[in-house]
Amino acid sequence: MNYEELLAARNTGKQSKTWLPIGYYYREQVYGKWRGIVDIHPSLHQNMVFTKALAEECKHNSLLANSHQIHFGTVEADGEVRQLELQTGHYITFEQLLRDNPAIIANQQFIDNTLEALVELTTYLHKQGVRHLCFSPKTVFVRKGDNSVMLLSHGSFYSGLSDQRAFYGDESQYVAPEVLAGQGNDERSDVYGIGRFLQSLFVQGDLPLELRQAVKKATAESPDKRYATPADLLKAVQRRRSTMRSLLTLLVALVIAGACVFVYFELFPETQPVEFVKPAPRQPADDLLDDGATPEELELLGNDTLGVDSMLTDRDFQAKAEEIFRKNYEKEAERILLKIYNKGYMSNSEKKFMSESESTIEELMRVQSEMSRETGIPPERAQVIASQIIERITDQKKKELGGTNSRAVKLPERNRK
C-alpha cells in the first residue's frame with residue numbers, strides 16, 4: 001500500500017487482517033499502542049455448538065501454562081464473545097513471515113527450533129486433552145523479535161461442529177482426513193497437521209532429506225500408518241539427520257584417505273620386486289673323494305667344486321691356523337690360570353677359589369672366542385683345542401703344587417666338544 005493508504009489504515013486503527021477458523025486476526029492501534037485482536041466470525045454467532053465451544057476454550061486458555069501458548073481476554077456484547085484481545089506482544093502469522101522474509105527457510109536452526117517448539121507445545125496440550133488439529137501457516141504464529149513459534153486457538157474444542165470442512169474452509173488441506181470426516185481425532189491427527197505444515201514451508205523448493213521420509217509418513221491418509229505422537233516424528237527426523245551426518249563424515253574420511261594414497265604413490269617411486277634364485281647345492285670335495293672320485297674327475301666339475309690342489313691347500317691352511325691358535329692360546333691360558341694356581345691362592349677357602357674360578361673361566365672363553373675369529377678356525381674346533389690345552393695346563397700346575405689339591409678349572413659342558 002502507498003503512504004496515503006497506510007496513513008488511512010492507521011487512522012482507522014487496523015492493519016492486515018488474516019482469516020482464522022474462528023474469526024479475523026489483525027493488529028489495532030489504541031492510544032498509540034498496538035494490540036492483537038480476533039473478531040469472531042458473525043456467521044458463527046448463531047451456532048450454539050460453536051458458542052459453547054468458544055466459551056469452553058476461553059475458560060481453558062488461561063490454564064494452559066506454556067511459553068508457546070498465546071493467552072487472550074474476551075470482549076463481549078449482548079452476552080456473546082465478540083472479540084479476543086491477545087496478550088501483549090507483536091505476533092505475525094507464518095504466512096506473513098514467509099512473504100516478508102522467504103530466505104528464513106534456508107536457516108536450518110530456525111526450522112529445527114520451529115519443529116521442536118511445535119512438538120513441545122502439542123505434547124503439553126495432549127496431556128491436557130487438547131489438540132490443535134489445523135497447522136496452517138495462517139494459524140501458526142511467530143513472535144516478532146525472537147521468531148518463537150506461538151499457537152492461539154485449538155481445533156479440538158470445536159470438534160462438535162457438524163461440518164468440519166466448512167469450519168476450516170480453505171485451510172482444510174492442513175487438517176487430518178479423519179477430522180474432516182467427523183470421525184474424531186487423537187495425537188496422530190496433530191502428527192498429520194505438523195507434517196502438512198512442514199510441507200508448506202518448502203512449497204517453493206524440495207524438502208530437506210532428513211525431513212522428506214518423516215513427512216511422508218506423518219501425512220499418510222490412514223492414522224495407523226503415521227507416527228503415534230509428534231515426539232516420535234521429531235525423533236525420526238533427528239535420527240535420520242544423525243545418520244546423514246555420520247555418512248557424510250565417513251565420506252569425507254574416505255575422500256581424505258584416497259587423496260593421501262594418491263599423493264603417496266605420486267611422490268614415492270614404485271619398488272620393483274627383485275627375484276632371488278637359490279643356487280644349486282654344491283657337494284663338498286671331501287664327500288666326492290669319500291665317494292671314490294679321482295682327481296681327474298674333480299677337474300671335470302669346473303669352477304662349481306673344489307679341485308684337489310685347492311682342497312689340499314685348504315687343509316694346509318686349516319692345520320696352520322690351528323697351530324697358531326694352539327700356540328697363542330696356550331700362552332694366554334697359562335697366564336690366566338696362573339692367577340689361581342699358585343701356592344698363595346691355593347691356600348684360600350673353597351668359596352673364594354670357586355668365585356675366582358668363575359671369572360677365570362669367563363676370561364678363558366672370551367680369549368678363545370677372539371682368537372677363533374682372528375685365526376679363522378671354526379668355533380667348535382676352537383672349543384675342542386681350548387679344552388685340551390686347559391686340561392693339560394691344569395694337570396701340570398697341580399703336579400707342580402704337589403698334586404694334593406683336587407681343585408681344577410673346567411670349561412662349561414656346553415663348550416666341550
Side-chain angles (χ1 to χ4, degrees), residues 276-295 297-299 301-417:
F276 294 92
V277 180
K278 184 178 181 180
R282 295 170 55 185
Q283 187 174 5
D286 289 344
D287 294 343
L288 295 174
L289 289 174
D290 292 342
D291 293 339
T294 64
E297 291 174 337
L298 290 175
E299 287 185 11
L301 297 176
N303 294 331
D304 290 339
T305 60
L306 294 175
V308 175
D309 292 340
S310 62
M311 177 186 68
L312 296 176
T313 301
D314 288 345
R315 286 181 176 177
D316 292 341
F317 175 82
Q318 182 73 14
K320 187 64 175 178
E322 290 184 5
E323 181 182 352
I324 295 173
F325 178 84
R326 286 179 183 275
K327 182 178 178 181
N328 293 340
Y329 190 78
E330 187 171 354
K331 291 181 181 179
E332 287 297 310
E334 187 168 359
R335 177 184 64 79
I336 296 171
L337 291 172
L338 190 59
K339 295 180 182 180
I340 58 176
Y341 286 106
N342 58 73
K343 292 182 178 181
Y345 196 85
M346 293 295 288
S347 62
N348 291 331
S349 64
E350 181 74 19
K351 182 177 180 181
K352 187 173 182 181
F353 178 84
M354 294 303 296
S355 175
E356 188 65 20
S357 295
E358 292 179 359
S359 63
T360 301
I361 292 172
E362 292 177 357
E363 188 173 2
L364 289 170
M365 292 174 62
R366 179 179 56 78
V367 172
Q368 169 197 315
S369 179
E370 293 175 353
M371 289 187 177
S372 173
R373 290 195 299 270
E374 292 173 356
T375 57
I377 66 175
E380 296 81 5
R381 184 60 182 164
Q383 291 174 352
V384 173
I385 297 173
S387 298
Q388 295 172 351
I389 292 173
I390 292 172
E391 289 180 0
R392 180 168 55 78
I393 293 176
T394 299
D395 292 339
Q396 179 183 343
K397 295 299 181 183
K398 288 170 65 177
K399 289 178 181 180
E400 291 176 359
L401 294 174
T404 58
N405 199 318
S406 61
R407 300 173 181 174
V409 174
K410 294 183 180 181
L411 291 177
E413 289 300 325
R414 61 186 176 86
N415 293 314
R416 297 176 64 90
K417 302 291 181 182

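Quantities reported herein were computed from a predicted structural model and do not represent experimental measurements.
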Checklist entry - Is there a side chain to side chain contact (heavy atoms under 4.5 Å, CB included) between V384 and E380 once you walk through the steps? => result CA-CA 7 Å; V384 173; E380 296 81 5; 6.0 Å; no
Checklist entry - Who are the side-chain hydrogen bond (donor to acceptor under 3.5 Å, both in side chains) partners of E363, not counting sequence neighbours? => result K339
Next on the checklist: Please check: side-chain N/O of Y329 versus main-chain N/O of L364, any donor-acceptor pairing under 3.5 Å?
Outcome noted: yes
Next on the checklist: Do R373 and S369 have side chains that approach each other closer than 4.5 Å (heavy atoms only, starting at C-beta)?
Outcome noted: yes
Item to check | Distance, nearest 0.5 Å, that separates CZ of R381 from OG1 of T375 | outcome: 11.5 Å
Checklist outcome for this item: The reported gap from CZ in R392 to OG in S387 (rounded to nearest 0.5 angstrom) is 12.5 Å
Next on the checklist: Taking the side chain as everything from C-beta on, heavy atoms only, tell me whether K397 gets closer than 4.5 Å to L338.
Outcome noted: yes
Checklist outcome for this item: Here the gap from I385 atom CD1 to E330 atom CD, rounded to the nearest 0.5 Å, amounts to 11.5 Å
Item to check | Separation between CD of E332 and CE of M371, rounded to the nearest 0.5 Å | outcome: 4.5 Å
Checklist entry - Do the charged groups of E323 and K327 touch, with an N to O distance under 4.0 Å? => result no
Checklist entry - Any idea which heavy atoms bring Q368 and P379 closest together, and the distance? => result NE2-O, 4.4 Å
Checklist outcome for this item: Minimal heavy-atom distance between I393 and E334, with the atoms involved, is CD1-N, 3.8 Å
Checklist entry - Which is it for E322 and R326 under the salt bridge (charged side-chain N to carboxylate O under 4.0 Å, His left out) test, yes or no, and what are the steps along the way? => result CA-CA 6 Å; E322 290 184 5; R326 286 179 183 275; 5.1 Å; no
Next on the checklist: Can you tell me how far apart CG (L337) and CD1 (I361) are? Round to the nearest 0.5 Å.
Outcome noted: 9.5 Å
